[in-house]
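Atoms within a ligand are numbered from 1 in the order they appear, just like the ligands themselves.
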Amino acid sequence: MAPKVSKAIVLRHIPGRKGEVYYPIEKIFLPIPPLSANSVLVKISAVALNHRDFYVRQDLYPNVRFGVPLCCDGSGTVIAVGSAVSQKWLNRRVIINPGQGWDNHPGAPESECGYRTLGASPAGTGTLQEYMTVDEKDVFAMPEHLNDAEAAALPTAGLTAWRALMINSRNAIPGRNILITGVGGGVALMAMQFALAAGCNVFVTSGSSEKLRRAEEMGAHGGALYTDSNWDEKLLKLLPRERGRFDAIVDSAGGDIVDRGVRLLKNGGVIVTLGMTLGPSVKYPMKAVIRQIALVGTGMGSRKDLGDMLEFVHANRITPVVSRAISGIDDVEQIDAFIGEMGKGSQFGKLVVEIEKKEGLSKL
Ligand SMILES: NC(=O)c1ccc[n+]([C@@H]2O[C@H](COP(=O)([O-])OP(=O)(O)OC[C@H]3O[C@@H](n4cnc5c(N)ncnc54)[C@H](OP(=O)(O)O)[C@@H]3O)[C@@H](O)[C@H]2O)c1
């Protein structure tokens, strides 16, 4: 029988200022509305966390919504289809588009309201629930080499890394020197995997020697600790003699990245900035103008980008790194602590919640 309600994890409102408040989470039961003609019902199997989910709890993300399921990344199986949807989708393992309002424009979202990421947002829905109604256009077949947890780890990190590296860096070209900062992060690690698959020379930074070692094991050419004040000088020494500067930097930290970039990049090099973990703005000094360093902001990506990224992942048999998984949606305290782990930054890759409670060890 078709399910009538979906258990969901949502934010509860408490008073507090931006950045000081930490909204609690709670489990609620949401009614599942009848399927519209163009929708499918997905039984969610796994949900990946993003830094964004930690920011929304602190009200550091625009337009936070209470009572709307958290999280934008999910994988699952289609268990019912609307009257206008092909039956071929029934029982298919799928990935859900993490945002709305961007179809295929190469530059930016077409929608007047801009791009809406799912999860405690005006999109009105999110993936941290048992069942989710999704427009047919927003489900994508899961690459078959991935398990559910790996597939859930892909949408936001993969899409953001795809647009940052493959489109906005203009340098996803064999032999180019690419620097990816903070490689332990979900997006950074995917960007590294894409850059390696594209044949680039990839260098990384991290706050942890262990994470640098793991990145090198996966194929990075070298790395430096961003906690060393002269990390940029150390990286320059690692570059090949015939190509002694970087072509592009993919950065999510901000801070003094443009000053560092002026030293690290060739004239006309590109810094793609996808986030500012260290603070809300970066300085763009005159010396960056003279060296014609481009500072390019990047957002997640369109439906077309998501399809292109999944094809690339499939063709290159890329597997996202799952750092740790927990299982079950009923233990709210466990999920609460798991979201809190994003703030500690100890993960290497993605944190994943497998929705069904598993006895004993997770399959990961
Ligand atoms: N523009 C978009 O559409 C978009 C999409 C997704 C994410 N983002 C943003 O991108 C950022 C990363 O997101 P995420 O989900 O990948 O987060 P995450 O998995 O929590 O990773 C954050 C990473 O930041 C790195 N970091 C911390 N301090 C650093 C520093 N001083 N220099 C360089 N790196 C530093 C850490 O790297 P180590 O662990 O290696 O030390 C950490 O792993 C967030 O600010 C997020 O809001 C933007």
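- Asn50 places no side-chain N or O within 3.5 Å of a backbone atom of Asp53 that could act as its donor or acceptor partner.
- For ligand 1, the atoms lying closer than 4.0 Å to a non-hydrogen atom of Val183 are 40 (O).
- Atom 25 (C) of ligand 1 has as its closest protein heavy atom Gly182 CA, 3.9 Å.
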Apply the test side-chain contact (heavy atoms from CB on, under 4.5 Å) to residues Leu274 and Val250: give CA-CA distance (whole Å), side-chain angles for both, the deciding distance (0.1 Å), then the verdict.
CA-CA 8 Å; Leu274 62 99; Val250 175; 3.7 Å; yes
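- When only non-hydrogen protein atoms are considered, atom 45 (O) of ligand 1 lies nearest to Thr277 OG1, 3.0 Å.
- Contacts with ligand 1 closer than 4.0 Å are made by heavy atoms of both the backbone and the side chain of Ser206.
- The backbone N or O of Phe312 lies less than 3.5 Å from a partner atom in the side chain of Asn316, making a donor-acceptor pair.
- With a 4.5 Å cut-off between side-chain heavy atoms of Ile, Leu, Val, Met, Phe, Trp and Tyr, the cluster of Val10 takes in Ile28, Leu30.
- A donor-acceptor pair is defined here as one N or O able to donate and one able to accept, closer than 3.5 Å; such a pair exists between the side chain of Ser6 and the backbone of Tyr131.
- For atom 20 (O) of ligand 1, the closest non-hydrogen atom on the protein side is His51 ND1, 2.5 Å.
- For atom 19 (O) of ligand 1, the closest non-hydrogen atom of the protein is Gly186 N, 2.9 Å.
- For atom 41 (O) of ligand 1, the closest heavy atom belonging to the protein is Tyr226 OH, 2.5 Å.
- Proximity of Lys211 to ligand 1, defined as any heavy-atom pair under 4.0 Å, is confined to the side chain (atoms from C-beta onward).
- When Gly184, Gly185, Ala48 are checked for heavy-atom proximity to atom 21 (O) of ligand 1, Gly185 turns out nearest.
- Distances shorter than 4.0 angstrom occur between a heavy atom of Gly299 and an atom of ligand 1.
- Every atom of ligand 1 is numbered from 1 in the order shown, and the set under 4.0 Å from a heavy atom of Met342 is 20 (O).
- Ligand 1 places these atoms under 4.0 Å from at least one heavy atom of Gln347: 18 (P), 19 (O), 20 (O).
- Under the 3.5 Å distance criterion, the side-chain polar atoms of Arg57 are matched with a main-chain donor or acceptor of Tyr23.
- Here the protein heavy atom with the shortest distance to atom 2 (C) of ligand 1 is Leu274 O, 3.7 Å.
- Neither side chain, Ser302 nor Asp103, offers a donor N or O lying under 3.5 Å from an acceptor on the other.
- Backbone and side-chain nitrogen or oxygen atoms of Gly275 are examined, and none is located within less than 3.5 angstrom of a nitrogen or oxygen of ligand 1.
- With sequence neighbours excluded, no residue forms a ring-ring contact (aromatic ring centres under 6.0 Å, His included) with Tyr61.
- Distances from atom 7 (C) of ligand 1 to the heavy atoms of Thr117, Ile257, Val187, Leu351 put Val187 nearest.
- Closest to atom 47 (O) of ligand 1, if we only count protein heavy atoms, is Tyr55 CE1, 3.2 Å.
- Contacts of Thr298 with ligand 1, taken as heavy-atom pairs under 4.0 Å, involve the backbone alone.
- Cluster annotation: Val56 and Met132 are assigned to the same hydrophobic cluster (Ile/Leu/Val/Met/Phe/Trp/Tyr, side-chain heavy-atom contacts under 4.5 Å, transitive).
- Remark: ligand 1 and Ala253 share no N or O pair separated by less than 3.5 Å (distance only, no angle test).
- Listed here is the closest heavy atom pair of Val202 and Ala195: CG2-CB, 3.6 Å.
- Only the side chain of Thr160 comes within contact range of ligand 1, with a heavy atom under 4.0 Å; no backbone atom does.
- The distance from ligand 1 to the heavy atoms of Ser252 drops below 4.0 Å at these ligand atoms: 10 (O), 11 (C), 12 (C).
- Panel note: side chain Arg291, backbone Leu265; a donor-acceptor pair is recorded below 3.5 Å.
- Ring-plane geometry between His221 and Phe203 is classed as tilted, the angle between the planes lying from 30 to 60 degrees on a 0 to 90 degree scale.
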